[in-house]
Amino acid sequence: MHKPSFSNAERIWQVVALIPPGKISSYGVIADLAGLPGRARYVSRALKLANDELNLPWHRVLNSQGRIAFDKQTEAFAEQMMLLRLEGVDVKNGRVDKTQYMWQPDMATLVMQLSF
DNA sequence: AACATGACGCGTC
DNA sequence: GGACGCGCCATGT
């Protein structure tokens, strides 16, 4: 077997980087798109591990209910809500309307944009 | 090798 | 809605 070109974390980062401004996705969906079904938890871990200089749009990743995953009273929560609002996403009570904002990428385009 | 971590998801009550 | 249990598993120590 060949050594994989990218680690699981790197693949997750690649997918997150594709979420367009004004749209959101979820940990579970990102895991699926990265070829890691059932590993939503690893997406959160990978985001925590990511270098700031990657400039990932981490704020566009919410939980499966469209809610910000951080506790309401944390700095991270406030920052994520601010970043989302800056790009026009309506956040109410730490939650966004998934039917309105969920990123629904075209598969063919997605495949072309990913390196793995 | 064993163990804890992790910004999760889903079903059930 | 909320609380709880369980599945998930790469990574770091």
Side-chain angles (χ1 to χ4, degrees):
Chain A
M1 293 299 284
H2 299 295
K3 183 189 204 178
S5 312
F6 294 96
S7 69
N8 289 330
E10 288 171 321
R11 285 159 41 168
I12 288 165
W13 298 336
Q14 283 185 44
V15 176
V16 170
L18 299 181
I19 309 173
K23 289 293 179 180
I24 61 96
S25 191
S26 73
Y27 299 92
V29 168
I30 295 300
D32 287 346
L33 295 177
L36 302 165
R39 274 164 280 185
R41 300 197 73 166
Y42 192 64
V43 173
S44 54
R45 196 148 203 285
L47 288 181
K48 168 154 283 220
L49 293 174
N51 259 316
D52 290 342
E53 64 181 38
L54 287 178
N55 273 75
L56 287 181
W58 59 271
H59 58 285
R60 299 181 190 138
V61 185
L62 309 181
N63 72 16
S64 65
Q65 304 162 80
R67 298 188 49 89
I68 290 175
F70 295 105
D71 190 279
K72 182 172 33 173
Q73 45 201 357
T74 62
E75 275 300 316
F77 176 98
E79 184 182 6
Q80 185 164 18
M81 181 165 67
M82 180 198 69
L83 291 171
L84 286 169
R85 286 176 169 165
L86 280 177
E87 41 190 62
V89 177
D90 187 23
V91 188
K92 293 180 194 141
N93 298 315
R95 151 122 53 123
V96 313
D97 180 356
K98 284 197 307 176
T99 67
Q100 184 175 359
Y101 296 109
M102 180 62 66
W103 176 44
Q104 294 173 266
D106 170 72
M107 281 307 161
T109 307
L110 196 57
V111 168
M112 288 190 291
Q113 291 178 297
L114 295 170
S115 318
F116 57 84

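Order of the sequence lines sets the chain letters (A, B, ...), proteins ahead of strands, with each chain counted from 1.
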Where DNA chain B forms stems, i.e. three or more consecutive Watson-Crick or G-U pairs with both distances under 3.5 Å: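 Stems (3+ consecutive pairs) listed as B:2-6 with C:9-13, B:8-13 with C:2-7.
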Show each protein N/O and nucleotides 4-7 of chain C N/O combination with a separation under 3.5 Å, one pair to a line.
{"residue": "dG7(C)", "atom": "O6", "partner": "Arg41(A)", "partner atom": "NH1", "Å": "3.2"}

Of residues 42-66 of chain A, the positions that come close to DNA chain C - non-hydrogen atoms, cut-off under 4.0 Å: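 Contacting residues: Tyr42(A), Arg45(A).
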Under 3.5 Å, is there a donor-acceptor pair between the side chain of [X] and the main chain of [Y]?
| X | Y | answer |
| --- | --- | --- |
| Arg67(A) | Gly94(A) | no |
| Asn93(A) | Arg95(A) | no |
| Arg85(A) | Asp90(A) | no |
| Asp71(A) | Thr74(A) | no |
| Gln80(A) | Arg60(A) | no |
| Glu87(A) | Pro21(A) | no |

Nearest-Å distance for atom pair CD/P, residues Glu10(A) and dA10(C):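 Atom-to-atom, Glu10(A) to dA10(C), this comes out as 15 Å.
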Interatomic distance where CZ belongs to Arg11(A) and C1' belongs to dC9(C) [whole Å]: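 From Arg11(A) CZ to dC9(C) C1': 14 Å.
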Minimum heavy-atom distance between Gly88(A) and Tyr101(A), given as atom pair plus value: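 Heavy-atom minimum between the residues: O-OH, 3.7 Å.
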Closest contact, heavy atoms only, Ile30(A) versus Trp103(A):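 Where Ile30(A) meets Trp103(A) most closely, the heavy atoms are CD1-CZ3, 4.5 Å.
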Val96(A) side chain reached by Gln100(A) side chain, heavy atoms, under 4.5 Å: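 Counting from C-beta outward, Gln100(A) and Val96(A) never come under 4.5 Å.
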Boundaries of the DNA chain B segment in contact with chain A, non-hydrogen, under 4.0 Å: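 Contact boundaries, 5' end first: dT5(B) to dC10(B).
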CA sep, side-chain torsions, deciding dist, call: Phe116(A), Glu10(A), side-chain contact (heavy atoms from CB on, under 4.5 Å): CA-CA 10 Å; Phe116(A) 57 84; Glu10(A) 288 171 321; over 6 Å; no
Less than 3.5 Å apart, which donor and acceptor atoms pair up between the side chains of residues 40-52 of chain A and the rest of the protein, not counting sequence neighbours?
{"residue": "Ser44(A)", "atom": "OG", "partner": "Arg41(A)", "partner atom": "O", "Å": "2.6"}

Six-ring centre of Phe6(A), Arg11(A) cation under 6.0 angstrom, axis tolerance 45°: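 The answer is no; the distance or angle limit is not met.
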Arg95(A) vs dG1(C): side-chain N/O to OP1/OP2 distance below 4.0 Å: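 So the side-chain polar atoms of Arg95(A) do come within 4.0 Å of the phosphate oxygens OP1 or OP2 of dG1(C), strictly under.
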For Ser26(A), all residues meeting side-chain contact (heavy atoms from CB on, under 4.5 Å), sequence neighbours excluded: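 Once residues adjacent in sequence are excluded, the partners of Ser26(A) under the side-chain contact (heavy atoms from CB on, under 4.5 Å) criterion are Val29(A).
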